[in-house]
2 protein chains.
Amino acid sequence: MKIDPSDLRRVSVFKEATDDDLSLFVENSILRMVEEGEFFFFQGDPAKYFYILVSGKAKLLQSNPAGQQVNLRTINEWQMFGALGAVRPDAIYPATAQALEPCTALAIESVFLHDALQTRPYLNFGLMQLMTGYIQEMQERYRELATERVERRIALTVLRLAAQIGKRSGGEETMVELPLSRQDVAEASGTTIYTVSRVLSDWERRGLVETGRERVLIKNPHGLVQISEGLDQ
Amino acid sequence: MKIDPSDLRRVSVFKEATDDDLSLFVENSILRMVEEGEFFFFQGDPAKYFYILVSGKAKLLQSNPAGQQVNLRTINEWQMFGALGAVRPDAIYPATAQALEPCTALAIESVFLHDALQTRPYLNFGLMQLMTGYIQEMQERYRELATERVERRIALTVLRLAAQIGKRSGGEETMVELPLSRQDVAEASGTTIYTVSRVLSDWERRGLVETGRERVLIKNPHGLVQISEGLDQ
DNA sequence: CGAACAATTGATCCTCATCAAACCTTGTGG
DNA sequence: CCACAAGGTTTGATGAGGATCAATTGTTCG
């Protein structure tokens, strides 16, 4: 499999890159395949590479000392991850990256990006925009976890995941398909698989979603938005 | 009151700035005084200025639609805040900034920083380091909120706040003084004033802290670390 | 001294985690 | 192609951890 450098322009940070720059990045990359459930890197490892997901879906997660996990971010095609290491040369990954499906990704040395940042202002801005986005998302999710009830949090989480990795499904409807297990949703919303299962079953009874093994199909996004805002019932 | 430009070097982003740059920033700044409890800006306002706190302490908070608040960050002297607006010209503040004590701060137009970033690589790196720090802190706090019990979370919060805004107190001891109400601690740890009060009273009985009105004195930081790691009892 | 506000403490209740057991789906090997 | 294993999902029963409420006490400041 060969990567066309111009494909890299689908990565937000490279939107305004020159053709030469794109080629340079591709030439300095390694293509890595990762099986479903396997890992790109672990929390605590030296952040030697950053990645650009070419195909598949992945998640960033963090574990506490007892081994409980939370999902910090879900990664779709043409998104960068593991790039915080480009800022400090001695950085370690603050999270673990795991494939949700069979994945292929470009791995590029962090120092390469670090050096490129010195001479290419557009990269700085792109990376900062990405970072401000993460900061805002994490702040929102933190507030939600601190102040909202589970059902709302699950609704907010499912809607967010739909926007990030959802596949439009079934005709011109606004139905969105998510390849996520109850476990994944629980880790992303800060609850347990039992509660996620109960809530999804309830939503299914009300015709909002359709569920299956490692699958959630959103049939009525607007209904979920109402739940997330506490406007239902 | 007059600001000596070289004082700005205490701001992490300006650590490696030239004297000329520092003077330029000071010349383009306005000195704002904000009374205790008053606000620098509100969540949702256009992010026209960013701030450098010169004296006092402040906090960044976010409210949900019902008005419940969470504390996102606590700000000490010579820290920047409200700077996310420098990345996107049309940004709005994602959080509200409120003074915990009487404060003075330099207000500088976001576009000024935005323009300066174009020509001064050291600013880009400084700002990115700051941002990666926030991202990592928010990720950690999110995980803690999702997986840890209240007492541990309060211990982690108090220790973090001590590192960020604590004043060393009482001789050469490792005692640290925090000018925070139960409300502040509750908002920072995602719980209620009642629970914070109960936990602090318990710690006081055990000789770990001393409490007062809008005041927490940490007498035994190591004991709190043990609690935060679940090693007590 | 009194008003305003912060903190404490007890009683109660509710949401959600936990546990256990059964059920369903998918893939594999005989 | 069926049977079975493995692992995901559902559902009920139970209980605990904290939130909530209410009343009191303590502190600060005009």
Side-chain angles (χ1 to χ4, degrees), chain A residues 35-38 64 66-70 98 100-102 144-158 178-206 209-217 227 230 233, chain B residues 35-38 64 66-70 98 100-102 144-158 178-206 209-217 227 230 233:
Chain A
E35 293 304 310
E36 178 171 347
E38 294 305 309
N64 73 353
Q68 285 175 85
Q69 299 185 344
V70 295
Q98 184 176 23
L100 289 168
E101 305 175 350
E144 288 166 13
L145 193 53
T147 65
E148 309 295 351
R149 297 261 132 92
V150 260
E151 187 180 18
R152 277 209 216 180
R153 257 160 43 215
I154 295 174
L156 287 160
T157 302
V158 168
L178 290 172
L180 297 170
S181 67
R182 305 293 173 274
Q183 183 75 38
D184 293 322
V185 177
E187 285 173 9
S189 52
T191 178
T192 63
I193 55 170
Y194 311 107
T195 298
V196 171
S197 176
R198 278 182 242 271
V199 169
L200 288 183
S201 298
D202 182 42
W203 290 352
E204 187 154 27
R205 258 171 253 126
R206 293 157 62 184
V209 300
E210 216 173 277
T211 66
R213 188 188 170 102
E214 296 178 305
R215 194 181 77 94
V216 179
L217 176 68
I227 290 173
Q233 287 143 23
Chain B
E35 294 304 309
E36 179 170 345
E38 295 305 307
N64 74 352
Q68 284 175 85
Q69 300 186 344
V70 295
Q98 183 177 24
L100 289 169
E101 304 175 349
E144 289 167 11
L145 194 52
T147 64
E148 308 296 353
R149 297 261 133 94
V150 261
E151 187 180 16
R152 276 210 218 180
R153 259 161 40 216
I154 295 174
L156 288 160
T157 302
V158 168
L178 290 172
L180 296 170
S181 67
R182 305 293 174 274
Q183 182 75 37
D184 292 322
V185 177
E187 284 173 11
S189 53
T191 179
T192 63
I193 55 170
Y194 312 106
T195 299
V196 172
S197 175
R198 278 181 243 272
V199 169
L200 289 183
S201 297
D202 181 43
W203 290 352
E204 187 154 27
R205 258 171 253 125
R206 292 157 64 183
V209 299
E210 216 174 276
T211 66
R213 187 188 170 101
E214 296 178 304
R215 194 181 77 94
V216 179
L217 176 69
I227 289 173
Q233 287 142 22

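So that the names make sense, note that chain A is the first sequence line, chain B the second, and so on, each numbered from 1.
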Query raised in the report: Looking at residues 188-200 of chain B, who's got a heavy atom less than 4.0 Å off DNA chain C?
Result: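 Only B:Y194, B:S197, B:R198 qualify.
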
Give the minimum heavy-atom separation between [X] and [Y], together with the two atoms involved.
{"X": "A:Q98", "Y": "A:G37", "result": "NE2-O, 2.9 Å"}
{"X": "B:A146", "Y": "A:V70", "result": "CB-CG1, 3.4 Å"}
{"X": "B:T147", "Y": "A:Q68", "result": "O-NE2, 3.7 Å"}
{"X": "B:T157", "Y": "B:V185", "result": "CG2-O, 4.4 Å"}
{"X": "A:P179", "Y": "A:E101", "result": "CG-OE2, 3.6 Å"}

Tell me the interatomic distance from [X], atom [atom1], to [N], atom [atom2], rounded to whole angstroms.
{"X": "A:E214", "N": "D:dA6", "atom1": "CD", "atom2": "C1'", "result": "12 Å"}
{"X": "B:Q68", "N": "D:dT20", "atom1": "CD", "atom2": "P", "result": "7 Å"}
{"X": "A:E148", "N": "D:dA19", "atom1": "CD", "atom2": "P", "result": "15 Å"}

Report task. Take the C1' atoms of the five end pairs on each side of the helix from C:dC1-D:dG30 to C:dG30-D:dC1, derive the two axes, and give their angle rounded to 10 degrees. Result ->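 Overall, the helix from C:dC1-D:dG30 to C:dG30-D:dC1 bends by 30° from one end axis to the other.
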
N/O to N/O distances under 3.5 Å, protein versus nucleotides 27-30 of chain D:
residue: D:dT27; atom: O2; partner: B:R213; partner atom: NH1; Å: 3.1

**Report entry** Distance-only side-chain donor-acceptor flag, B:N64 / A:E148, under 3.5 Å
**Finding:**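 Side chains of B:N64 and A:E148: pair found under 3.5 Å.
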
Check whether any side-chain heavy atom of [X] sits under 4.5 Å from a side-chain heavy atom of [Y], and report yes or no.
{"X": "B:E210", "Y": "B:E204", "value": "yes"}
{"X": "A:I154", "Y": "A:W203", "value": "yes"}
{"X": "A:R153", "Y": "A:L145", "value": "yes"}

Enumerate donor-acceptor pairs with a distance under 3.5 Å from any side-chain N or O in residues 190-202 of chain B to protein atoms, sequence neighbours excluded.
residue: B:T192; atom: OG1; partner: B:T195; partner atom: N; Å: 3.3
residue: B:T192; atom: OG1; partner: B:T195; partner atom: OG1; Å: 3.3
residue: B:S201; atom: OG; partner: B:S197; partner atom: O; Å: 2.9
residue: B:D202; atom: OD2; partner: B:R206; partner atom: NH1; Å: 3.3

Query raised in the report: chain B on DNA chain C: first and last contacting nucleotide, 5' to 3', under 4.0 Å to a heavy atom?
Result: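 Using the under 4.0 Å cut-off, the span is C:dC5 to C:dA11.
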
Report task. Mind checking the CD-CZ spacing from B:E144 to B:R149? Nearest 0.5 Å is all I need. Result ->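 Rounded to the nearest 0.5 Å, the CD-CZ separation comes out at 15.0 Å.
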
**Report entry** Separation between CZ of B:R215 and CZ of B:R182, rounded to the nearest 0.5 Å
**Finding:**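 One gets 9.5 Å once the value is rounded to the nearest 0.5 Å.
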
Query - Residue list, side chain to side chain donor-acceptor pair (under 3.5 Å) with A:E35, at least two apart or on another chain - result: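 Expected list: none.
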
